[in-house]
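When reading the values below, keep in mind they use all heavy atoms of this one structure, side chains included, and skip hydrogens, waters and symmetry mates. In the text below, chain A, chain B and the rest are named by the order of the sequence lines, each starting its count at 1.
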2 protein chains.
Amino acid sequence: MPSEKTVERLSLYRYLLYGILADGERNVFSHELAGMAAVSPAQVRQDMMVLGYSGSPNQGYEVGKLIASITEFLDDAHGRNMALVGVGNLGRAILSNFAGQRSRLQIVAAFDVDWQIVNRMVHGCWCYPLDKLSGVMRDQDITVGIICVPPAAAQEVADALCEGGVRGILNFAPYRLQVPDHVYVSNLNITVALEKVAYFAHHSPVRLETPSREEAKV
Amino acid sequence: MPSEKTVERLSLYRYLLYGILADGERNVFSHELAGMAAVSPAQVRQDMMVLGYSGSPNQGYEVGKLIASITEFLDDAHGRNMALVGVGNLGRAILSNFAGQRSRLQIVAAFDVDWQIVNRMVHGCWCYPLDKLSGVMRDQDITVGIICVPPAAAQEVADALCEGGVRGILNFAPYRLQVPDHVYVSNLNITVALEKVAYFAHHSPVRLETPSREEAKV
DNA sequence: GTAACGCTGTTAGTATTTTCACGAAGACCA
DNA sequence: TGGTCTTCGTGAAAATACTAACAGCGTTAC
């Protein structure tokens, strides 16, 4: 049972590993990965312990195998389908990021209330009217929702997602959703993130996250 | 010297407090604020310790005074100017979120390389060509940068921001920036956030962040 | 063949973050 | 006025996350 932070780092490692693979490298050491992810080598090795995979001394980790291990661990075998609700600027940004992405994790449907947006493709994803949400979710076996609507509409959307059988929600609206206990919610508040940066920019403390040495890749 | 998490929570508290104020409430208890922010009441009280302000027993905290205390603590007296680089979908989403916002923290300039976007207003913010970055930063006393460009361009933009005297950067590009030691960087990787949600949606662990009881506001 | 080196896996130790628990003080009621 | 009730402030305990240290092993050099 890994912690949230461990899962985040594994996801980041995998991303970095794809970059390494694209560069033609076949093996990587914990200190290299650590440099790219801005964590300590010991942290990397400890994170690897939750996977079944072991690297070899003096050779480090085999990039391809490691990617496979992380994928097996993070993703479910038959993939996960996600729905995005709220096709405004933020929603479109996310859709375009995920368009044509590898992976067992993909956005298979978008929803909005705006009739000018609805019933067409947006960045490779069909956009349905919001009132079709629950039905489409069941049809396409969607279990994860992304909320990109204004805060006033967020709870209503969350209710509909729960109605459709959602298991997890990534919520960008600055509103604390009320959902049944079995639904996992993660809130991502961009304003809070900005205020944090502004604070530490000027009260410059110990530096926590940044590499400073060791080249960073892709 | 508060931790990063403490600063994040203070920012969230302030946001919630504005909502409470708009509802006409003049006082609030730690357990109410805790319910809205999905943390424990003890956590709220402990966070308050870094501010100078004390609530009164049986009355709780005075909303207006508390907002003022947090603001004095988080924001600098004469405000902070920020620059946003990369006026794509994500950049526009952030600009529109901040447009017409209160506050001592505002985005005063946007930058892009696209000639179709440049030299006009976008969501209330003038968009300059990227090569004017350092100059405009100095003219407008900009100390915080937001990077919303593709990963391949992120380091180049970061270098320009540093050249312009930046103190803090919020980076949305999945790329670990190299910057001088005095520049604070926070990375926000949306794909990582999504993969985390997908993981815990299906490996449903202990529930960490959510209210479940206690009404949530705005 | 063997010694030395470098990196991994793992456990123990340290630091940080969160929760608990209790004393004190204002408000309300009789 | 005195008692009760609720809440805050705070220091100590618990839980969590991170770092450091070391044993084991493959590799390489001689």
Side-chain angles (χ1 to χ4, degrees), chain A residues 1-13 17 20 25-63 65-66 69-70 73 196 200 205-212 214, chain B residues 1-13 17 20 25-63 65-66 69-70 73 196 200 205-212 214:
Chain A
M1 229 160 302
S3 70
E4 298 204 344
K5 294 195 171 183
T6 300
V7 171
E8 287 180 6
R9 282 192 298 263
L10 286 172
S11 169
L12 176 60
Y13 297 156
L17 288 165
I20 294 170
E25 297 288 335
R26 307 194 65 77
N27 291 81
V28 67
F29 295 122
S30 64
H31 67 266
E32 295 177 308
L33 206 48
M36 298 175 205
V39 301
S40 70
Q43 181 78 79
V44 171
R45 292 203 299 275
Q46 185 142 38
D47 288 336
M48 295 310 171
M49 285 178 68
V50 304
L51 312 173
Y53 178 69
S54 281
S56 84
N58 220 26
Q59 294 295 324
Y61 304 95
E62 212 172 320
V63 178
K65 294 261 183 69
L66 188 47
S69 284
I70 296 176
F73 181 82
K196 184 181 83 167
F200 285 112
V206 286
R207 296 184 71 252
L208 288 174
E209 46 177 329
T210 6
S212 83
E214 199 77 42
Chain B
M1 231 159 301
S3 70
E4 297 205 345
K5 292 195 172 181
T6 300
V7 171
E8 286 180 7
R9 282 192 300 264
L10 286 172
S11 169
L12 177 59
Y13 296 155
L17 288 165
I20 294 170
E25 296 288 335
R26 308 194 64 77
N27 292 82
V28 67
F29 296 123
S30 64
H31 67 265
E32 295 176 310
L33 205 47
M36 298 175 204
V39 300
S40 70
Q43 181 79 80
V44 172
R45 293 203 297 277
Q46 181 114 351
D47 287 337
M48 294 309 171
M49 285 178 68
V50 305
L51 312 173
Y53 179 70
S54 282
S56 84
N58 221 25
Q59 294 295 323
Y61 304 95
E62 211 172 319
V63 179
K65 294 261 183 71
L66 188 47
S69 284
I70 296 176
F73 182 82
K196 184 182 82 167
F200 286 111
V206 284
R207 298 185 69 253
L208 287 174
E209 43 178 329
T210 5
S212 82
E214 198 77 41

Rounded to the nearest 0.5 Å, the CZ atom of Arg45(A) sits from the OH atom of Tyr61(A) at a distance of 6.5 Å
To the closest 0.5 Å, what do you measure between CZ (Phe200(A)) and CE (Met1(B))?
10.0 Å
Set of salt bridge (Lys or Arg N to Asp or Glu O under 4.0 Å) partners for Lys65(A), sequence neighbours left out
Glu62(A)
Taking all atoms of both residues into account, what is the closest heavy-atom pair of Phe29(A) and Gln59(A), and its distance?
CE2-C, 3.5 Å
If we fit an axis to the first five pairs and another to the last five of the helix from dG1(C)-dC30(D) to dA30(C)-dT1(D), what angle do they make, to the nearest 10°?
10°
How close do Pro2(A) and Val7(A) get, heavy atom to heavy atom, and via which atoms?
CG-CG2, 4.0 Å
Nucleotide by nucleotide, 5' to 3', does protein get under 4.0 Å of the base (B), only the sugar-phosphate (S), or neither (-) in nucleotides 4-17 of chain C, counting heavy atoms?
--BBBBB------S
What pair of heavy atoms forms the shortest contact from Ala34(A) to Ser40(A), and how long is it?
CB-C, 3.6 Å
Pairwise side-chain contact, Leu12(A) with Val39(A), heavy-atom cut-off 4.5 Å (strictly under):
no
Atom CD of Glu62(B) and atom P of dG26(C): how far apart are they, to the nearest Å?
15 Å
Nearest-Å distance, CE (Met1(A)) to P (dA17(D))?
13 Å
Could you check how far CG of Asn27(A) sits from P of dG26(D), rounded to whole Å?
16 Å
Minimum heavy-atom distance Leu33(A)-Val28(A), with the two atoms named:
N-CG2, 4.2 Å
